[in-house]
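Before any comments, here is the structure.
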Amino acid sequence: MLIFANLLFITSMFVGPNIALAESDELLCVNGASPLNRDLIESFNENRDPLKVAFLEYQKTTYPYSQAILPPPSNCEPNAVFKKQLGFFGELADKFSGIFDTKFDQVNPQDLALKARLEIEKAKELNRPKPFQIKKDCVKASLQRKAGREEYVCKPDAQRALRVGIAAGKSAQCYNEELVDYIHFALNQAIDCLSQDNAIDSRNILKKMNAETGFNFSVCWRGGCGMSQITSPAMKELSTDIGNGKYILEGVTKSIKKSCEPFKHIAERDLAKPPKIYKTCDWVSPGDGLARNLIYGIGYHVHMRDTQITPALNKLAPQMVQDKDVINALTSMSYGREGIKGVKGLLRRNRISKTTPPSKLRDIIESDSRYLSETQKKQKELLCLQKGHSFGRNSQCSVTTFSDEEMAGNSCVSEP
Amino acid sequence: MRLRTVILTIFLLPIVSWSQIKTAPEFFIISKKMREELRTEKTKEKKILKLKDLEKQLLATQKQFEIKNPIKGDEIEKKVNFFYFTFEPLFEAKNFDSLGCKKTEHQLILEDKMGKEETEALTPDAKEAIEWLHLICK
């Protein structure tokens with residue numbers, strides 16, 4: 001009876017959205033696309049990958065993004081024999097048992113070790129600074145910007161990605177409210193999952209995704225694939241032995257955070273067998289494709305920040321390493337055509353040293369980086385769309401000014 | 001007369017030395033020439049030594065630029081810096097075994113192709129750095 005009830009629950013969880021769509025033919029596209037272009041929505045509805053399942057669960061329970069998962073209580077039989085066999089370690093375990101609120105006799109040594117590790121991880125997790133969350137409104141506004149690249153749809157049963165047109169004008173795929181909810185959920189899950197002691201600045205991720213694709217996860221072209229526009233060198237850096245960033249995926253596999261659950265199987269799979277960039281669905285499908293794209297895109301951002309930008313700045317101007325705005329701006333700059341060489345060159349050419357004030361460097365970055373000025377321009381477009389202003393030449397947007405805080409993305413993030 | 005010559009030399013020496021600061025295209029030629037000279041060289045150590053010599057020359061040039069323009073570097077310096085930072089993964093490579101060579105080549109490509117299209121060719125500087133790597137690793 002219980003099994004039947006569970007089956008009924010799971011089935012209703014999966015079938016629910018499809019029925020809702022079938023019942024109502026009126027599809028409201030938040031990105032201004034034609035409601036007839038519903039291939040993407042249909043592939044999303046059919047998807048059953050872990051990220052999608054986690055989203056459906058989230059919709060029902062609204063669990064917090066930042067949450068640690070603890071294993072279920074041990075079912076092992078009391079094991080007093082081990083206590084004698086372990087001698088000193090047995091005594092030590094007895095002392096620890098008070099901390100874990102468990103009697104030693106009730107667990108075996110393996111459980112104890114696992115529990116100890118998890119307790120440490122849990123304590124670390126509780127003390128970890130939580131990243132701010134990107135607001136749904138801003139994702140929605142950004143989706144109204146036209147990505148303008150080739151768009152692909154991946155149906156669960158199809159072998160290859162289906163090219164459905166360009167992500168602009170008549171052929172653009174429709175993004176409805178539920179798809180925006182899903183992107184919003186997936187994005188904040190990935191940011192939380194990949195945030196360690198040094199929390200990811202969500203504003204930076206917002207501006208990057210807004211500039212690259214406007215949160216459109218179904219685009220792919222020779223400049224990059226999916227929402228984060230992943231290219232093969234970046235993919236190799238995180239998933240192969242020749243790269244230096246495998247620790248990012250390894251961290252996901254070992255994480256006890258609930259937010260990492262939808263990404264774990266991908267990290268495990270890719271560490272065992274690196275993905276291929278030309279397999280479009282692996283980067284753009286609404287389930288695993290989006291999940292992979294987010295951990296690679298945000299993971300690469302963290303990797304660059306921690307292994308390239310921070311050390312380079314620390315060498316010349318250690319006083320600025322704690323300045324988040326400077327680190328963010330330089331990390332963003334390294335994504336553009338200037339690359340990491342452009343960042344290092346800028347620091348050297350402008351004689352950045354221990355005596356340079358951070359405000360001076362911020363001004364230099366702003367005036368020197370073409371990629372950053374493009375990003376700022378697109379941030380303004382997002383803010384205009386959020387306020388319902390049109391943009392382009394002689395538009396309402398061109399005469400509107402936004403505060404430095406708004407341009408920095410402050411109004412697009414909220415406390416966790 | 002002799003004193004005047006000495007004074008003139010003192011004043012003109014920095015100007016002459018500034019005008020002699022090597023540019024990126026010159027470094028490109030120097031690098032190619034160095035590689036040519038190593039074509040028949042068998043030992044890895046000697047090749048690495050020569051590479052270190054190129055690095056030293058680049059670092060010395062960067063210093064010269066800093067003396068010449070203490071506030072902000074010019075476009076000529078920008079190109080020299082670009083050449084140096086393109087080579088940096090190679091200069092910083094710790095070992096040149098099979099995996100080390102593959103790792104370094106990947107870094108050179110990654111840093112050169114960042115923010116560019118998949119099909120876009122490597123810059124001539126990156127191609128030159130990879131030639132060096134192949135020379136050392138073969």
Side-chain angles (χ1 to χ4, degrees), chain A residues 149 208 211-212 220-225 229-246 277-278 300 303-304 307-308 311-312 331-353 356 360 364 367-371 374-375, chain B residues 24 58-59 61-94 97-123 125-126 129-130 133 137:
Chain A
R149 301 290 178 197
K208 174 186 149 66
E212 295 281 353
C220 189
W221 66 300
R222 60 183 186 277
C225 241
Q229 293 289 280
I230 304 294
T231 55
S232 53
M235 181 270 291
K236 285 179 191 164
E237 178 71 357
L238 296 199
S239 63
T240 65
D241 288 334
I242 58 168
N244 294 320
K246 272 177 92 172
I277 200 75
Y278 60 79
Y300 190 74
H303 174 55
M304 288 305 283
T307 65
Q308 295 271 10
T331 309
S332 297
M333 189 183 159
S334 73
Y335 270 97
R337 286 189 68 83
E338 297 125 327
I340 186 67
K341 289 188 271 187
V343 172
K344 290 176 179 172
L346 175 136
L347 297 175
R348 187 176 268 276
R349 203 157 73 92
N350 288 285
R351 316 292 182 234
I352 302 303
S353 70
T356 312
K360 188 185 169 191
I364 289 168
S367 62
D368 272 29
S369 170
R370 199 182 291 175
Y371 182 76
E374 275 295 308
T375 305
Chain B
L58 276 160
L59 288 171
T61 302
Q62 284 180 325
K63 278 265 176 283
Q64 284 177 301
F65 276 119
E66 278 173 19
I67 296 164
K68 184 187 168 191
N69 303 313
I71 308 294
K72 188 179 177 169
D74 54 18
E75 283 299 310
I76 301 167
E77 181 189 338
K78 190 178 176 180
K79 284 174 186 157
V80 172
N81 285 340
F82 190 86
F83 188 89
Y84 174 82
F85 290 120
T86 302
F87 271 71
E88 202 179 41
L90 184 61
F91 292 147
E92 287 183 351
K94 297 269 185 306
D97 59 11
S98 177
L99 183 63
C101 287
K102 281 180 190 162
K103 272 177 113 55
T104 308
E105 183 161 355
H106 163 71
Q107 279 306 313
L108 289 166
I109 294 169
L110 176 78
E111 292 187 15
D112 198 62
K113 292 202 76 169
M114 192 74 198
K116 294 177 188 168
E117 293 176 14
E118 286 278 349
T119 47
E120 203 168 318
L122 291 168
T123 59
D125 292 358
I130 289 173
L133 182 72
C137 293

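Everything quoted here is computed from the prediction, not taken from an experiment. No hydrogens, no waters, no symmetry mates; every other heavy atom, side chains included, goes into these values. Naming convention: chains lettered A, B, ... in sequence-line order (proteins, then strands); numbering from 1 in each chain.
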Apply salt bridge (charged side-chain N to carboxylate O under 4.0 Å, His left out) to A:Arg351 and B:Glu77, showing your working.
CA-CA 12 Å; A:Arg351 316 292 182 234; B:Glu77 181 189 338; 2.7 Å; yes

Below 4.5 Å from any heavy atom of chain A, which atoms of [X] appear? Answer side chain, backbone, both or neither.
X	answer
B:Thr86	both
B:Asn69	both
B:Ser98	neither

Top residue by heavy-atom pair count (under 4.5 Å) with chain B, among A:Ala234, A:Gly224, A:Gly342, A:Gly336?
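Option with the top pair count is A:Gly336.
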
What's the spacing between B:Lys72 NZ and A:Asn350 CG if we round to 0.5 Å?
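Atom-to-atom, B:Lys72:NZ and A:Asn350:CG are 4.5 Å apart.
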
Point-to-point distance, once rounded to the nearest 0.5 Å, from CD1 of A:Ile340 to CD of B:Glu111
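Nearest 0.5 Å value for the CD1-CD distance: 6.5 Å.
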
Part of [X] lying under 4.5 Å from any heavy atom of chain B:
X	result
A:Leu346	neither
A:Gln308	side chain
A:Tyr300	side chain

Within-4.5 Å side-chain heavy-atom neighbours: A:Arg349 and B:Phe65:
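No, too far: nothing below the 4.5 Å cut-off.
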
Would you indicate whether the side-chain heavy atoms of A:Asn244 and B:Gln107 approach each other to under 4.5 Å?
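Yes, their side chains come closer than 4.5 Å.
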
Taking B:Gly73, B:Gly115, B:Pro70 one by one, which has the highest count of heavy-atom pairs under 4.5 Å against chain A?
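Looking at each option in turn, the highest pair count goes to B:Gly73.
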
Identify the heavy atoms of [X] and [Y] that sit nearest to each other, and give their distance.
X	Y	answer
B:Lys102	A:Ile242	CB-CG2, 3.6 Å
A:Asp241	B:Lys103	O-NZ, 3.0 Å
B:Glu118	A:Pro233	OE2-CD, 4.4 Å

Does B:Met114 form a side chain to side chain contact (heavy atoms under 4.5 Å, CB included) with A:Thr231? I'd like the steps, not just the answer.
CA-CA 9 Å; B:Met114 192 74 198; A:Thr231 55; over 6 Å; no

Using a strict cut-off of less than 4.0 Å between a Lys/Arg side-chain nitrogen and an Asp/Glu carboxylate oxygen, indicate whether A:Arg222 and B:Glu120 qualify as a salt bridge.
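Salt bridge between A:Arg222 and B:Glu120, a charged N being under 4.0 Å from a carboxylate O: no.
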
B:Glu88: which of A:Arg348, A:Lys341, A:Lys344 passes salt bridge (Lys or Arg N to Asp or Glu O under 4.0 Å)
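Only match with B:Glu88 under salt bridge (Lys or Arg N to Asp or Glu O under 4.0 Å): A:Lys344.
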
